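Worth saying up front: this structure is predicted, and the values here are computed from it rather than measured.
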There are 2 protein chains.
Amino acid sequence: MKYQHIVHIVSERIKNDEYNFQYALPNQQELATEFGVSRMTVKKALDILKEEGVIYSSRGLGTFVVQHEKLQKISTYQKKQQTKQFSYLKQMLSFEKKHPHQLLQQQLAISAQQNVYAATFIRYRNERPYALEHWFIPEQVIPGITQETLEQDLYHYIEFELGLKLGDTSYTISAVVANEVDKLHLNCTDNHPILKVEKLSFLRTGCPFLYRICHYQAAMKSYQFFDAIKKNK
Amino acid sequence: MKYQHIVHIVSERIKNDEYNFQYALPNQQELATEFGVSRMTVKKALDILKEEGVIYSSRGLGTFVVQHEKLQKISTYQKKQQTKQFSYLKQMLSFEKKHPHQLLQQQLAISAQQNVYAATFIRYRNERPYALEHWFIPEQVIPGITQETLEQDLYHYIEFELGLKLGDTSYTISAVVANEVDKLHLNCTDNHPILKVEKLSFLRTGCPFLYRICHYQAAMKSYQFFDAIKKNK
DNA sequence: AAGTGGTCTAGACCACGGT
DNA sequence: CCGTGGTCTAGACCACTTC
């Protein structure tokens, strides 16, 4: 795929400040000539970089690099996450197969008669309790799950053992106070704030296969995401 | 733009169940013939629907509608938000021009000498205090702001009065406990949980122009977003 | 008028999944 | 093998911005 190569090269040039926000990039025809491809292929590569938020373009004006600030914020954020060198540990507290209660029936789009694998995990970060997670997986969609599957790599099992393709995950974030189970495992007291994240994962077909309720120690977790307000040109 | 028309027609057919998850869509050549366009134009339309999560396609197999569950969840969520018929009210508590402290200098990428408009709002939902927001806008980027600009429509001012193009907004979400100011205005007591959302908005050029710190009554707000886990084909 | 990016074409070839 | 979608071409025309 030639366009991926162009995406990579142009990304590198932006990182190396060969292209920067003060001047327009070479126009599409020049880039096409340089890379020995057609203009449409260049445009496809630039469209991907636009989607990534690295560049933008205006009819009649040209294509420009987005100013450093934004990218810096993202990269420094990621760097912070990496350089802190956290050690993570996931430990299973319970594992069972049961019938779903009403919330699960609704979220996983199944009936009360179908079985659901239910597991509870506690996560540690640098040996400190960090999150309490409840996982629910419909047996009909992802059959043959064992305790080991969940302790190792569920996604690998789904993709390579079952041959299913993964889709998107929906995140719903809210703030709550610690409940009794949280207080027991997350080492916190009354009225301790909790960042509650409900994650619903789908196969590529749109079938929901995993519902997670995750309670994070408020001080140890935040979520960041980007949102395009308007797509006006 | 022909491809937008095709996006619209195919969307309608999916909503009307003329295309559904049980069968593949007509192949790209058939659609091209039907709409009287080239195959590339059909593909561009389908790419947009893929990006929206409405369909997916496999080389060698065809193009398919994503199962209803996922879309239902999104649309029912939106419907819930709409049918609750909330009444919203935004009230300004303070407005001033000042020099930025260190956090603002960093977030807005400005120096300590530059001026920043600082405003505080309280939001009500159905007459109940709902959120407390602190807004910060660098004068150099968005000049000429008055109290009225902020009470009315800042985005309209930026786009149509100043002629600037808007870019993305970054959201950073965490959970905290109510501070003294929250307790005063949000009508809550000690250790009340707060959903804290930092919003940093950029112009299309990547220049940050608005930093907001928003404290929501935990019980009255949640955030939902989607994330592609992997783009494997 | 000149230069830019956005759209669209009519074809070609390739990679993949199923037979 | 065939049918599918993914990539790529070499051009054309259009919309927009600036001079």
Side-chain angles (χ1 to χ4, degrees), chain A residues 1-10 19 21-66 159-160 162-165 167 203-205 231-233, chain B residues 1-10 19 21-66 159-160 162-165 167 204-205 230-233:
Chain A
M1 281 159 296
K2 299 184 182 178
Y3 69 86
Q4 280 189 342
H5 177 244
I6 298 173
V7 167
H8 181 253
I9 300 292
V10 173
Y19 300 148
F21 68 95
Q22 297 184 56
Y23 307 99
L25 266 64
N27 71 39
Q28 295 178 353
Q29 188 53 61
E30 286 179 66
L31 289 171
T33 305
E34 179 196 338
F35 292 112
V37 301
S38 80
R39 204 190 120 205
M40 285 296 285
T41 302
V42 167
K43 186 175 180 301
K44 168 128 189 173
L46 296 182
D47 281 344
I48 290 171
L49 291 168
K50 264 181 255 183
E51 192 66 27
E52 292 176 1
V54 175
I55 60 173
Y56 65 96
S57 51
S58 282
R59 250 185 195 168
L61 284 176
T63 303
F64 303 86
V65 179
V66 165
E159 274 198 284
F160 299 100
L162 299 181
L164 299 171
K165 304 288 180 71
L203 299 177
R204 196 177 52 159
T205 61
K231 290 280 185 183
N232 292 347
K233 295 293 164 67
Chain B
M1 282 157 290
K2 299 183 183 180
Y3 69 87
Q4 281 189 341
H5 177 244
I6 299 174
V7 166
H8 181 253
I9 299 292
V10 173
Y19 300 150
F21 68 95
Q22 297 183 55
Y23 308 99
L25 265 64
N27 70 40
Q28 295 178 353
Q29 188 53 62
E30 285 180 67
L31 289 172
T33 306
E34 180 197 338
F35 291 113
V37 301
S38 79
R39 206 189 119 206
M40 285 295 286
T41 302
V42 167
K43 186 175 180 303
K44 168 128 190 174
L46 296 181
D47 281 345
I48 290 171
L49 290 167
K50 265 181 255 183
E51 192 66 29
E52 292 177 0
V54 176
I55 60 173
Y56 65 95
S57 51
S58 281
R59 251 185 193 167
L61 285 177
T63 303
F64 302 87
V65 179
V66 165
E159 273 199 284
F160 299 100
L162 299 181
L164 300 171
K165 304 288 180 74
R204 196 176 54 157
T205 60
K230 285 181 185 178
K231 289 280 184 185
N232 291 347
K233 294 294 161 67

Between B:Lys44 and B:Asp47, is the closest basic N to carboxylate O distance under 4.0 Å?
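Salt bridge absent between B:Asp47 and B:Lys44.
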
If I take atom [atom1] in residue [X] and atom [atom2] in nucleotide [N], what distance separates them, rounded to the nearest angstrom?
X	N	atom1	atom2	value
B:His5	C:dC8	NE2	C1'	16 Å
A:Asp47	D:dT7	CG	C1'	14 Å
A:Gln28	C:dT7	CD	C1'	11 Å
A:Phe35	D:dA10	CZ	P	17 Å
B:Leu25	D:dG5	CG	P	9 Å
A:Lys165	D:dG5	NZ	P	15 Å
B:Asn27	D:dC2	CG	P	16 Å
A:Leu31	C:dG6	CG	P	13 Å

Could you grab the distance from atom [atom1] of [X] to atom [atom2] of [Y], nearest 0.5 Å is fine?
X	Y	atom1	atom2	answer
A:Leu46	A:Leu25	CG	CG	7.0 Å
B:Leu31	B:Arg39	CG	CZ	11.0 Å
B:Lys43	B:Met40	NZ	CE	6.5 Å

Heavy atoms from C-beta onward define the side chain here; which of C:dG5, D:dG6, D:dT7 lies closest to that of A:Met1?
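The closest nucleotide is D:dT7.
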
Between C:dT4, C:dG6, C:dT7, which nucleotide gets closest to the side-chain atoms of A:Lys50?
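My answer, after comparing the listed nucleotides, is C:dG6.
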
Can you check whether [X] has a side-chain N or O nearer than 4.0 Å to OP1 or OP2 of [N]?
X	N	result
A:Ser58	D:dC16	no
B:Gln29	D:dG3	no
B:Ser38	C:dG11	no
B:Tyr3	C:dT7	yes
A:Thr63	C:dG5	yes
B:Lys43	C:dC8	no

For A:Phe64, which residues count as a ring pair (Phe, Tyr, Trp, His ring centres under 6.0 Å) partner, sequence neighbours excluded?
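Only A:Tyr56 meet the ring pair (Phe, Tyr, Trp, His ring centres under 6.0 Å) criterion with A:Phe64.
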
Excluding sequence neighbours, so at least two apart, what forms side-chain hydrogen bond (donor to acceptor under 3.5 Å, both in side chains) with A:Gln4?
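A:Gln4 satisfies side-chain hydrogen bond (donor to acceptor under 3.5 Å, both in side chains) with no residue once adjacent residues are dropped.
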
Could you check whether A:Lys44 gets within reach of a base, just the sugar-phosphate, or nothing at all, counting any heavy atom under 4.0 Å?
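The answer is sugar-phosphate, as A:Lys44 gets under 4.0 Å only of primed atoms, P, OP1 or OP2.
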
What's B:Met40 touching, base or sugar-phosphate or nothing? Going by heavy atoms closer than 4.0 Å.
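B:Met40: base contact, heavy atoms under 4.0 Å.
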
Each nucleotide N or O in nucleotides 12-16 of chain C that has a protein N or O under 3.5 Å away: list the pair and distance.
from, atom 1, to, atom 2, distance (Å)
C:dA15, O4', B:Arg59, NH1, 3.0
C:dA15, O3', B:Arg59, NH1, 3.3

Where do B:Tyr19 and B:Pro26 come nearest, in terms of heavy atoms and distance?
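In terms of heavy atoms, the two residues are closest at CE2-CD, 3.7 Å.
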
Side chains of B:Ile6 and B:Thr41, heavy atoms from C-beta outward: is any pair under 4.5 Å?
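Yes, side chains in contact.
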
